[in-house]
Asks: 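I have a structure here, written as structure tokens, and I will follow up with some questions on it.
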Number of protein chains: 2
Amino acid sequence: MSTAPDSADRLEVTGYRLTAPRRAVLDAIAHTNRPFTIEELSDRLPNIGRATVFRTIKLLQELEIVCRVPLEDGGVRYERSRSGRHHHHLICSECGSVTEFNDPSLDASIEENATLAGFELDGHSAELYGRCASCRGGGAL
Amino acid sequence: MSTAPDSADRLEVTGYRLTAPRRAVLDAIAHTNRPFTIEELSDRLPNIGRATVFRTIKLLQELEIVCRVPLEDGGVRYERSRSGRHHHHLICSECGSVTEFNDPSLDASIEENATLAGFELDGHSAELYGRCASCRGGGAL
DNA sequence: CGTCGCATTGATACTTAAGCTCAACAACGG
DNA sequence: CCGTTGTTGAGCTTAAGTATCAATGCGACG
Ligand SMILES: [Zn+2]
Ligand SMILES: [Zn+2]
Ligand SMILES: [Zn+2]
Ligand SMILES: [Zn+2]
């Protein structure tokens, strides 16, 4: 049990090679709890080429091991997905933490709106911005 | 009635000057029905400095005259808002058209999830991706 | 009017993020 | 061992947006 055995498995099972650079990326994100940028990740992996970090993260997104978190200011971070399934994000503007949640009725509501508009839905995103419970507790009010 | 009188009013009422460059930008977006990039807009306004186009669009976003549309592939376009109020987008991956919709029950569902997580909600986004009614009608199926 | 002050403009340089290229390399199957 | 294919990484290129800063415009005031 070195790192993220399940993720590694998922890579191999899907037909991709589990190479040393890919393992290094998996390793690095397994040891991070904060959402990260590619640059940050790349800096922590000086022996791995930037392009490879990009490629690997893209790959991991497809496998739903990592997800893309769009910030309120237009920036983007990435986060190792806890659930590995479809979900949405609660993004704290104070501490930057990201919490996943899933709500079938929210998705249903989204689908309903698409149907109403005669739209064939193919994907969607929903991001919630604000202050997380612990930042509220610790700070004012 | 030259262009977008209401938008122009909104600019002035809010204390900003309605200058010639700003009017030109308002004019240009009033005559566009497709979501645009800043570059495209800037190209259509050769007499207006690029920086001014950026500044003006940013201003119009604050006034909710224009809204930022994040695409599925991570790109961004801008669109003159029809409603000028809070809404979400249906984005067609085939023709690129953007339709606004508003659904109080969707927003309620979002707020409920925030509350459940002890989160103080501050803003949110929801984008729907797929094929619009006319692209479906004209194409296959 | 004349003039002062502030908002605005725009050419340009700069920044940052992200993606692409392509030759070298590693793995694998036979 | 050799050819085929997937993978890598240094450096190049693009895109998007921002910073600079002098010049200009406009309004207020006397
Ligand atoms: Zn996520
Ligand atoms: Zn969903
Ligand atoms: Zn909109
Ligand atoms: Zn909403």
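All values reported here derive from a predicted model rather than from experimental measurement. Below, chains carry the letters A, B, ... as their sequence lines are ordered, and counting in each starts from 1.
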Asks: Could you write nucleotides 24-29 of chain C as a row of B, S and -, 5' to 3', where a protein heavy atom under 4.0 Å of any base atom gives B, of only sugar-phosphate atoms gives S, and otherwise -?
Replies: ---S--

Asks: Please report the distance, rounded to the nearest Å, between CZ in A:R23 and C1' in D:dT7.
Replies: 16 Å

Asks: Grab the OH-P distance between A:Y16 and D:dG6 for me, whole Å please.
Replies: 11 Å

Asks: Give me each pair satisfying salt bridge (Lys or Arg N to Asp or Glu O under 4.0 Å) with a member in residues 44-59 of chain B, each pair once, sequence neighbours excluded.
Replies: B:E39-B:R50

Asks: Name all pairs fulfilling the salt bridge (Lys or Arg N to Asp or Glu O under 4.0 Å) condition that reach into residues 97-110 of chain B, sequence neighbours left out, sorted by first residue then second.
Replies: none

Asks: Return the set of residues passing side chain to side chain contact (heavy atoms under 4.5 Å, CB included) with B:D43 (not counting sequence neighbours), or none when no residue passes.
Replies: none

Asks: Using the salt bridge (charged side-chain N to carboxylate O under 4.0 Å, His left out) criterion, which residues pair with B:E112? Sequence neighbours excluded.
Replies: none

Asks: Once side chain to side chain donor-acceptor pair (under 3.5 Å) is applied, do any residues pair with A:Q61, and if so which ones, sequence neighbours excluded?
Replies: none

Asks: Just checking A:D73: base, sugar-phosphate only, or nothing, at a heavy-atom cut-off of under 4.0 Å?
Replies: nothing

Asks: Heavy atoms under 4.0 Å is the rule here; annotate nucleotides 15-20 of chain D 5' to 3' with B where the base is hit, S where only the sugar-phosphate is, and - elsewhere.
Replies: -SBBB-

Asks: CD1 of A:I48 versus P of D:dT8: gap in Å, rounded?
Replies: 8 Å

Asks: Separation of B:L41 atom CG from C:dG10 atom P, in whole Å?
Replies: 13 Å

Asks: Passes salt bridge (charged side-chain N to carboxylate O under 4.0 Å, His left out), A:R136 versus A:E94? Steps please.
Replies: CA-CA 9 Å; A:R136 291 174 70 188; A:E94 202 159 315; over 6 Å; no

Asks: Kindly write out the residues that satisfy side chain to side chain contact (heavy atoms under 4.5 Å, CB included) with A:A24, not counting sequence neighbours, or none if the list is empty.
Replies: A:L45, A:I48

Asks: Could you tell me whether the phosphate oxygens of D:dT7, OP1 or OP2, come under 4.0 Å of any side-chain nitrogen or oxygen in A:T52?
Replies: no

Asks: Under the ring pair (Phe, Tyr, Trp, His ring centres under 6.0 Å) rule, what pairs show up with a residue in residues 94-114 of chain A, not counting sequence neighbours?
Replies: A:H88-A:F101

Asks: A:L26 CG to D:dT7 P: how many Å, rounded?
Replies: 14 Å

